[in-house]
Engineer: 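Got a structure here, written out as structure tokens. Questions coming.
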2 protein chains.
Amino acid sequence: MAEALERDDYGLLFALIRLAELGAHKSLVKVPTEKFGSILRLSQQSASRILRLLEQRGWIERFVSREGTYARITNGGFERLIGLHRDLARILESRIEPIAFRGIVFTGFGEGNYYVKLYRRVLRDKLGFDPYPGTLNLRAATIEDLKALERIRSLPAIEIPSFKGRGRSLGSARCYRVAVEHRVRGVMIVPERTHYGRDVAEILAAERLREKLGLKDGDIITVELTFEEDSLSKAKG
Amino acid sequence: MAEALERDDYGLLFALIRLAELGAHKSLVKVPTEKFGSILRLSQQSASRILRLLEQRGWIERFVSREGTYARITNGGFERLIGLHRDLARILESRIEPIAFRGIVFTGFGEGNYYVKLYRRVLRDKLGFDPYPGTLNLRAATIEDLKALERIRSLPAIEIPSFKGRGRSLGSARCYRVAVEHRVRGVMIVPERTHYGRDVAEILAAERLREKLGLKDGDIITVELTFEEDSLSKAKG
DNA sequence: ATTACTATGTTTCGAGTAA
DNA sequence: TTTACTCGAAACATAGTAA
């Protein structure tokens with residue numbers, strides 16, 4: 001898909017679309033350069049050049065006569081249009097509502113500090129940052145936010161495996177990269193076992209979020225899923 | 001559709017597609033300018049500028065942080081993608097086989113000369129050129145060519161009305177603009193009444209085609225329908 | 001009418017670099 | 001590491017004009 005498009009060809013591809021709109025994908029069409037230029041909002045000269053470039057690329061056939069240029073889109077050119085259409089279709093079909101939720105800040109049981117310290121090494125390795133020892137607890141603000149939370153939990157995550165440390169077994173967890181208030185990068189961590197209900201999200205970040213964002217209990221903040229292609233591969237150290 | 005695209009925005013629209021392929025239409029996505037530049041095959045600087053321009057156009061939201069730029073496609077930007085997709089869908093769905101046929105040159109009853117002279121004025125007015133007094137007769141080369149001929153005859157045509165001239169009534173006819181051998185502009189004329197069968201096409205042009213193309217009986221040539229938006233309105237004089 | 005060449009103006013790109 | 005500024009270079013657009 002991406003390989004199908006040299007960047008230099010962007011303008012040309014749009015000219016090709018305009019030609020197709022004139023019917024050049026079905027048959028020879030008369031396209032005087034002056035008129036084609038006005039369609040492209042370019043000069044007669046540029047339209048002429050563009051038709052020649054399209055021919056050079058093999059996207060159109062071109063016959064110049066005294067009354068003007070006749071052009072037809074080739075199979076190669078038509079395939080470009082099909083390719084672009086398919087790329088767009090794939091994008092549009094994959095559209096889902098943005099995955100974000102708003103949560104109400106509350107004070108939890110205070111275990112965050114302890115657990116984050118136990119998991120610190122593996123979290124740092126998996127996440128690429130050293131987590132502040134403590135989680136920010138959020139309760140879904142509305143029923144929609146609860147649904148968003150469930151939707152997030154259904155997605156593939158950064159897996160934190162269970163392991164043994166300090167003589168005790170530590171459960172597994174799953175992490176999702178998020179942006180907090182559009183400004184601070186962090187992860188939402190979903191422990192295998194938790195004291196909280198499914199309407200609660202726990203957020204980890206490199207810094208203390210309450211301080212960084214000036215938060216107090218009852219504040220409502222936005223947490224939004226982010227994607228980094230390298231989420232799973234990034235294991236530096 | 002066309003109004004939806006300022007020409008200056010072509011490159012930007014493609015950048016938007018690339019962003020969508022990264023998932024930016026669903027959620028915030030991390031797009032460091034260096035990496036985005038390599039996706040677009042542009043420099044880090046240009047990628048940075050393009051992200052700022054996309055934001056200016058209102059097609060994306062953009063949050064710059066220490067680790068890079070986070071971006072998300074806005075509803076406005078998404079609508080551009082939908083618009084482009086719809087334009088392409090309309091084009092692709094309207095695709096039909098090119099309307100062309102190959103015909104075998106033969107010598108007819110020799111009435112062409114006489115009839116073209118009778119119709120000369122009205123033909124010149126309707127077609128925009130002064131027809132050579134004589135038609136080139138073509139017999140469909142294969143059954144596919146016959147089908148193509150029938151398909152052409154089913155399309156809307158340039159109508160030559162019946163009229164009275166030199167004391168006799170002249171039948172109506174219908175004309176289709178064609179390109180002969182990709183080089184010569186002419187029309188295929190379908191008289192209301194004819195001595196020929198439905199496998200025969202009669203071609204008119206400004207010049208004598210046998211001479212211009214060096215044709216003799218038995219030669220096979222290509223005749224292809226062409227479209228000129230102004231076909232029906234062009235009645236100069 | 002056309003197309004398209006040449007010369008010139010304008011925009012876009014990216015290396016260097018600051019923050 | 002980032003983003004993004006400056007400014008010289010490259011690419012692109014068009015007016016004038018020939019054919």
Side-chain angles (χ1 to χ4, degrees), chain A residues 6-15 19 28-57 60-71 127-130 179 182-185 206 226 228 230 234 236-237, chain B residues 6-15 19 28-57 60-71 124 127-130 179 183-185 206-207 226 228-230 234 236-237:
Chain A
E6 287 303 318
R7 184 180 152 72
D8 302 347
D9 296 340
Y10 291 174
L12 289 186
L13 191 57
F14 273 92
L19 271 179
L28 267 189
V29 165
K30 185 182 179 183
V31 277
T33 54
E34 176 66 44
K35 172 176 267 182
F36 192 49
S38 79
I39 290 173
L40 298 180
R41 306 211 207 189
L42 286 174
S43 65
Q44 172 270 318
Q45 292 87 339
S46 294
S48 170
R49 196 184 57 247
I50 283 173
L51 286 172
R52 277 173 279 145
L53 288 172
L54 283 170
E55 184 183 38
Q56 238 174 54
R57 295 278 193 294
I60 68 168
E61 284 178 297
R62 183 168 147 275
F63 308 99
V64 179
S65 78
R66 227 202 277 72
E67 316 94 40
T69 300
Y70 287 78
L127 303 179
F129 65 86
D130 203 8
H182 295 166
R183 287 165 46 205
V184 186
R185 185 194 193 205
T226 65
E228 299 181 22
D230 55 351
K234 186 194 281 178
K236 64 180 169 187
Chain B
E6 286 304 318
R7 183 177 155 72
D8 303 347
D9 295 341
Y10 291 173
L12 289 185
L13 190 56
F14 273 92
L19 271 178
L28 266 189
V29 166
K30 185 183 179 183
V31 276
T33 53
E34 176 67 43
K35 171 176 270 183
F36 192 49
S38 78
I39 290 173
L40 298 180
R41 307 213 207 186
L42 285 174
S43 65
Q44 173 269 319
Q45 293 87 338
S46 292
S48 169
R49 197 183 54 247
I50 282 173
L51 287 171
R52 276 173 281 145
L53 288 171
L54 283 169
E55 184 184 39
Q56 241 174 51
R57 295 280 192 293
I60 69 168
E61 285 178 298
R62 183 167 146 276
F63 307 100
V64 179
S65 78
R66 226 206 273 72
E67 316 96 38
T69 299
Y70 287 78
R124 195 186 53 201
L127 304 179
F129 65 86
D130 203 8
R183 289 164 46 205
V184 185
R185 187 194 192 203
E207 296 163 274
T226 65
E228 300 181 21
E229 335 62 42
D230 54 351
K234 185 194 282 176
K236 63 179 167 187

Engineer: Side chain of A/Gln45, heavy atoms from C-beta onward: which of D/dA15, D/dA13, C/dG14 has the nearest atom to it?
Structural biologist: D/dA15

Engineer: How long is the line joining OH of A/Tyr70 and C1' of C/dT3, in whole Å?
Structural biologist: 14 Å

Engineer: Whole angstrom is fine here: how far is it from CD in A/Glu34 over to P in D/dG16?
Structural biologist: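 Nearest whole value for this atom pair: 14 Å.
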
Engineer: If we check side chain to side chain contact (heavy atoms under 4.5 Å, CB included) with A/Ile60, which of these qualifies: A/Leu53, A/Leu19, A/Leu12?
Structural biologist: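 Result: among A/Leu53, A/Leu19, A/Leu12, A/Leu19 is the only option passing the side chain to side chain contact (heavy atoms under 4.5 Å, CB included) with A/Ile60.
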
Engineer: Donor-acceptor pair, distance only, cut-off 3.5 Å: does the side chain of A/Ser38 make one with the backbone of A/Arg41?
Structural biologist: no

Engineer: Using whole Å, report how far CG of B/Leu53 lies from P of D/dT3.
Structural biologist: 15 Å

Engineer: Determine: side-chain N/O of B/Ser48 to OP1/OP2 of D/dT3, distance under 4.0 Å, yes or no.
Structural biologist: no

Engineer: Within the structure shown, what part of the strands sits under 4.0 Å from B/Thr69 by heavy-atom distance: base, sugar-phosphate, or nothing?
Structural biologist: sugar-phosphate

Engineer: What nucleotide, of C/dC13, D/dT14, C/dT3, holds the atom closest to the side chain of A/Ser46?
Structural biologist: D/dT14

Engineer: Could you check how far CG of B/Leu54 sits from P of D/dA4, rounded to whole Å?
Structural biologist: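 Spelled out: CG on B/Leu54 to P on D/dA4 is 13 Å.
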
Engineer: Please give, in whole Å, the distance from D/dA11 C1' to B/Leu42 CG?
Structural biologist: 13 Å

Engineer: To the nearest 0.5 Å, what is the distance between OG1 (A/Thr69) and CZ (A/Phe36)?
Structural biologist: 10.0 Å

Engineer: Expressed as a whole number of angstroms, how long is the span from A/Phe63:CZ to C/dT3:C1'?
Structural biologist: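 For the pair A/Phe63 CZ and C/dT3 C1', the rounded distance is 16 Å.
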
Engineer: Quick check for you: among D/dC5, D/dT14, C/dA4, whose closest atom lies nearest to any side-chain atom of A/Arg49?
Structural biologist: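 It is D/dT14.
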
Engineer: On the 0 to 90° scale, with breaks at 30° and 60°, tag the A/His182-B/Phe63 ring pair as parallel, tilted or perpendicular.
Structural biologist: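 Judged by the thresholds at 30° and 60°, the geometry between A/His182 and B/Phe63 is tilted.
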
Engineer: Take atom CZ of A/Arg62 and atom P of C/dT3, then tell me their distance rounded to the nearest Å.
Structural biologist: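 About 9 Å, once rounded to whole Å.
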
Engineer: Classify the side chain of B/Gln44 and the base of D/dA4 as holding, or not holding, a donor-acceptor pair under 3.5 Å.
Structural biologist: yes

Engineer: Please figure out whether A/Leu51 or B/Ser43 has its closest DNA chain C nucleotide nearer the 5' end.
Structural biologist: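 Here A/Leu51 is the residue nearer the 5' end.
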
Engineer: State whether B/Lys30 and B/Glu67 are salt-bridged, where the test is any N-O pair (Lys NZ or Arg NE/NH1/NH2 against Asp/Glu carboxylate O) under 4.0 Å.
Structural biologist: no

Engineer: Quickly work out the A/Phe36 CZ to D/dA13 P distance and round it to whole Å.
Structural biologist: 13 Å

Engineer: Whether A/Arg185 contacts D/dT2 is assessed here as follows: a side-chain N or O lying under 4.0 Å from the phosphate OP1 or OP2. Is that the case?
Structural biologist: no

Engineer: Nearest of D/dT17, C/dC13, C/dT3 to any side-chain atom of A/Thr33?
Structural biologist: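 From the listed options, C/dT3 comes nearest.
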
Engineer: Pick base, sugar-phosphate or nothing for A/Arg52, based on heavy-atom distances below 4.0 Å to the nucleic acid.
Structural biologist: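 It contacts sugar-phosphate atoms only.
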
